[in-house]
Each structure stands twice: as structure tokens, then as C-alpha cells.
Amino acid sequence: SYDAFVARLNKELTQILQSTYLGGKKEDSAQALVIHPQTGEVYVAGGTWSADFPKTVGGAQGSYGGKGDAFVVRLNKELTQILQSTYLGGSGDDHPEALAIHPTTGEVYVAGETKSINLPKTTGGAQASKSGGSDVFVARLNKELTQILQSTYLGGRGADKAHALVIHPQTGEVYVAGKTESINLPKTTGGAQGSYSGGKGDAFVARLNKELTQILQSTYLGGRGEDEAKALTIHLQTSEVYVTGITNSKDFPKTTNGAQTTCNGCVSGSFPSYDAFVARLNKDLTQILQATYLGGSESDSAEAIAIHPKTGEVYVAG
């Protein structure tokens with residue numbers, strides 16, 4: 001089958017300094033990577049079907065949970081040692097998509113999609129039990145990966161999944177974004193868009209406290225078509241929240257006065273096509289300040305977003 005890999009290159013991209021495989025006897029794939037700002041160690045998250053994933057002994061969850069687990073791995077910066085690994089999952093399928101390090105506590109946060117009704121350490125979490133066919137999960141671990149400090153489900157009666165996770169650098173709060181098909185996503189009252197728009201799913205953004213014991217605010221984000229958030233970032237100068245993804249909603253909210261006010265590629269039906277979208281919200285998630293389409297006459301999808309630290313300009317790729 002296949003393994004995850006991690007590679008390290010010099011800044012000029014003229015040398016591969018070190019690479020490593022990462023996996024067991026079955027399928028393993030990496031979805032997210034982050035460098036710990038305090039230790040310089042390398043953290044990787046992904047999905048595994050291997051019951052013999054390396055270096056899980058002593059980890060927060062030492063044994064394989066079931067039909068595919070998330071994993072988190074900690075390596076030294078040279079990529080010559082796996083310092084600790086852990087499984088993260090229950091008896092169903094658990095798939096991580098995003099990883100972040102808390103800037104003040106140094107703790108490790110993972111988000112993704114789960115079908116497990118017995119995800120570990122959800123007692124006391126913001127949402128202690130699973131609501132639908134699949135829910136978002138968010139988990140918080142110590143930096144050594146030897147303890148799951150808190151987990152939580154996040155979702156309603158429909159299918160919910162997370163693609164992006166970011167920690168607010170000033171408040172320390174946890175933001176998650178993805179796609180929801182739930183008309184009863186928790187804590188949307190008072191949000192920028194309080195109700196589900198219909199179609200084949202809305203994008204969503206949710207804000208939790210750093211302990212993962214409270215959903216502080218959620219919001220839908222979308223129109224009458226299909227909308228999905230793929231990436232999320234925080235503006236360092238304004239603290240505003242920027243989200244990007246795909247849409248085929250011709251009525252995506254707050255695009256008037258945006259960089260591109262109409263959807264060029266929006267087609268629903270058996271062969272749908274999409275434009276990318278970029279949306280800007282206040283840090284409380286109670287207002288959509290501005291949104292814009294981004295695309296041509298065919299299908300366009302945005303997968304990544306970043307803010308320039310000096311100019312404050314917004315970069316999107318897809």
C-alpha cells in the first residue's frame with residue numbers, strides 16, 4: 001500500500017536535506033504539517049489504517065481504534081527521529097484535515113471528520129456526543145502527544161466535516177471551518193448567517209474556547225447552491241477571519257462591492273461547476289464584512305489562503 005512521507009529542503013530549494021517514510025503495513029497518508037514555535041519540532045497529522053503505526057507506545061492513544069484512525073506524529077527538526085506518535089479515533093472512521101499549535105500553551109490541536117460514536121475524551125467537551133452520520137471533531141493534546149486533554153464533536157443531524165483549523169494569535173480561541181449539511185448546526189443563533197441556506201451544503205465557521213469546552217459562536221456561510229470552506233486564516237493587523245473555498249451559489253452573501261461580484265462558473269445539477277470564494281468576517285463571527293467570487297467560466301476551487309505579514313494583502317491558491 002502507501003506510506004505518509006515528510007521531507008525537509010533548504011530555503012533555496014536546491015537540496016533535499018532529509019526525507020522520511022511514516023507508516024505501518026497498511027495505508028497511511030499525511031494531511032497536515034506544522035512546526036512547533038517553541039521546540040522547533042515537526043508535527044504531522046493524517047489518516048492511518050495500520051495497526052502497527054510506529055512509535056505509538058506511550059502515546060495518548062496507544063492502539064488502533066477501528067475502521068481508520070487519525071494519527072499525530074512528533075519528529076525532531078532534522079527528521080531523523082520519530083519522538084512520539086499517537087492514534088486518535090474510535091471504532092468508526094476518523095479522518096483529520098488540519099493541525100495547529102496553540103501560541104501560548106504549546107498544545108496541539110487537530111480537526112477533521114469522524115463517524116465514531118466513541119471518540120476519546122469527549123466528556124466535558126463543547127459537544128459531548130455525535131449528532132449525525134458524520135460530525136466534525138476537534139481534539140487538544142499536550143505537546144508531547146502523551147495525553148488527549150479534551151476532544152469535542154461539532155455538528156448537527158446532517159453530515160459535517162472540517163477542513164481548516166486556526167488559533168487566533170491574540171485571543172487564543174480556536175476557529176474551525178468546513179462544510180455542513182445540518183440545518184441544526186449548534187450555536188448559529190446570533191452568527192453572521194444564522195440559518196442554513198439550502199442546496200447541497202453550506203460552508204461554516206465555528207469559534208471555540210481554547211479548552212474546547214464551549215462553542216462560542218458558529219455561522220453558516222453560503223447561498224442556495226453548494227458551498228464548502230477549504231481554508232481559514234486570521235489577519236494579524238485587524239484580527240478579522242478570512243475563509244476561502246468553493247461555491248456554486250449565485251446568491252453567495254455579501255459579494256456586492258466585492259472584487260468579483262458575480263459567479264462566472266456557477267452551475268448546479270448533475271455536472272456542477274464552481275467558483276472560488278473568499279469571505280471576510282469579524283473575529284466574533286457575527287458579521288460577514290465582505291465576500292467575493294473568484295473564477296472564470298469553468299470550475300475553480302480555492303484550497304489555501306494566507307495574509308502577507310507586512311502588506312496585509314490576501315493570497316489565495318487553488
Side-chain angles (χ1 to χ4, degrees), residues 1-11 13-102 106-116 119-121 137-149 151 161-167 230-231 303-304:
S1 56
Y2 49 85
D3 274 4
F5 78 89
V6 191
R8 170 180 148 242
L9 298 91
N10 66 345
K11 67 179 187 289
L13 303 185
T14 56
Q15 283 181 282
I16 302 170
L17 302 173
Q18 185 67 59
S19 297
T20 185
Y21 294 101
L22 196 55
K25 289 191 180 76
K26 292 194 175 180
E27 291 87 355
D28 314 279
S29 62
Q31 260 71 48
L33 170 74
V34 69
I35 310 293
H36 201 290
Q38 297 161 5
T39 67
E41 292 168 351
V42 179
Y43 289 73
V44 184
T48 182
W49 287 260
S50 297
D52 61 338
F53 198 88
K55 203 71 179 186
T56 58
V57 175
Q61 183 181 321
S63 58
Y64 183 59
K67 299 176 180 177
D69 275 3
F71 72 79
V72 189
V73 177
R74 173 178 147 241
L75 301 99
N76 65 345
K77 68 179 188 293
E78 295 83 10
L79 304 185
T80 56
Q81 281 182 282
I82 301 171
L83 302 173
Q84 185 66 62
S85 300
T86 185
Y87 294 104
L88 184 59
S91 55
D93 190 13
D94 310 284
H95 190 74
E97 291 281 343
L99 184 64
I101 306 290
H102 201 284
E107 291 166 354
V108 181
Y109 289 72
V110 191
E113 180 182 11
T114 182
K115 294 182 179 177
S116 295
L119 193 74
K121 204 69 179 185
F137 79 86
V138 190
R140 170 181 151 240
L141 299 93
N142 65 346
K143 69 177 187 290
E144 295 83 10
L145 303 185
T146 56
Q147 284 182 280
I148 303 170
L149 303 172
S151 298
K161 57 184 174 181
H163 291 300
L165 169 72
V166 69
I167 312 290
K230 299 281 195 167
E303 301 283 340

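Being a predicted model, the structure only gives us computed values, none of them experimental. Starting from 1, each residue takes its place in the sequence as its number.
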Revision key, fill the gap. Rounding to 0.5 Å, atoms OG (Ser1) and NZ (Lys26) come to a distance of 9.0 Å

Check your understanding: Quick one: CG on Leu119 to CG on Leu88, what's the gap to the nearest 0.5 Å?
Key -> 6.0 Å

**Study point:** Gap separating the NZ atom of Lys115 from the CZ atom of Phe137, nearest 0.5 angstrom
**Key:** 13.5 Å

Check your understanding: Has Ile16 got more than 12 heavy atoms of other residues, nucleotides or ligands less than 6.0 Å from its CD1?
Key -> no

Check your understanding: Where the side chain of Gln84 meets the backbone of Val57, is there a donor-acceptor pair that is under 3.5 Å apart?
Key -> yes

Practice item. Calculate, to the nearest 0.5 Å, the distance between atoms CG and CD belonging to Leu83 and Glu144 respectively. Key: 10.5 Å

Check your understanding: Checking Ser19 side chain against Ala7 main chain: does a donor-acceptor pair fall under 3.5 Å?
Key -> no

Practice item. Please answer whether the main-chain N or O of Ala60 pairs with a side-chain N or O of Thr86 as donor and acceptor at a distance below 3.5 Å. Key: yes

Review point. Looking at side-chain heavy atoms only, is the closest gap between Ser50 and Tyr64 below 4.5 Å?
Key: no

Point to revise | Backbone N/O of Leu22 and side chain of Asp28: donor-acceptor pair under 3.5 Å | key: no

Check your understanding: Is a side-chain donor or acceptor of His102 paired with a backbone partner of Tyr109 at a separation under 3.5 angstrom?
Key -> no

**Study point:** Value rounded to 0.5 Å, distance of CG in Leu145 from NZ in Lys55
**Key:** 12.0 Å

Check your understanding: Judged by modelled atom types alone, do Thr48 and Asp69 share a side-chain donor-acceptor pair under 3.5 Å?
Key -> no

Check your understanding: Closest approach of Ala32 and Leu99, non-hydrogen atoms and distance?
Key -> CB-CB, 3.7 Å

Practice item. Determine the minimum heavy-atom distance between Ala98 and His163, stating which atoms define it. Key: CB-O, 3.9 Å

Point to revise | Non-hydrogen side-chain atoms of Ile101 and Val108 separated by less than 4.5 Å | key: yes

Review point. Do Glu97 side-chain atoms and Ala164 backbone N/O form a donor-acceptor pair below 3.5 Å?
Key: no

**Study point:** Closest non-hydrogen atom pair, Asp3 against Gly24
**Key:** OD1-O, 3.5 Å

Point to revise | Heavy-atom closest pair, residues Lys143 and Gly106 | key: CB-O, 3.3 Å

Check your understanding: Could you state the interatomic distance from NE2 (His95) to NZ (Lys161), rounded to the nearest 0.5 Å?
Key -> 9.5 Å

Point to revise | Whether Ser116 side chain and Gly92 backbone form a donor-acceptor pair below 3.5 Å | key: yes

Practice item. Return yes if some donor-acceptor pair links the side-chain N/O of Tyr87 with the main-chain N/O of Phe53 below 3.5 Å, else return no. Key: yes

Exercise for review: Check whether any side-chain N or O of Gln61 sits under 3.5 Å from a backbone N or O of Ser63 as a donor-acceptor pair, and report yes or no.
Suggested key: yes

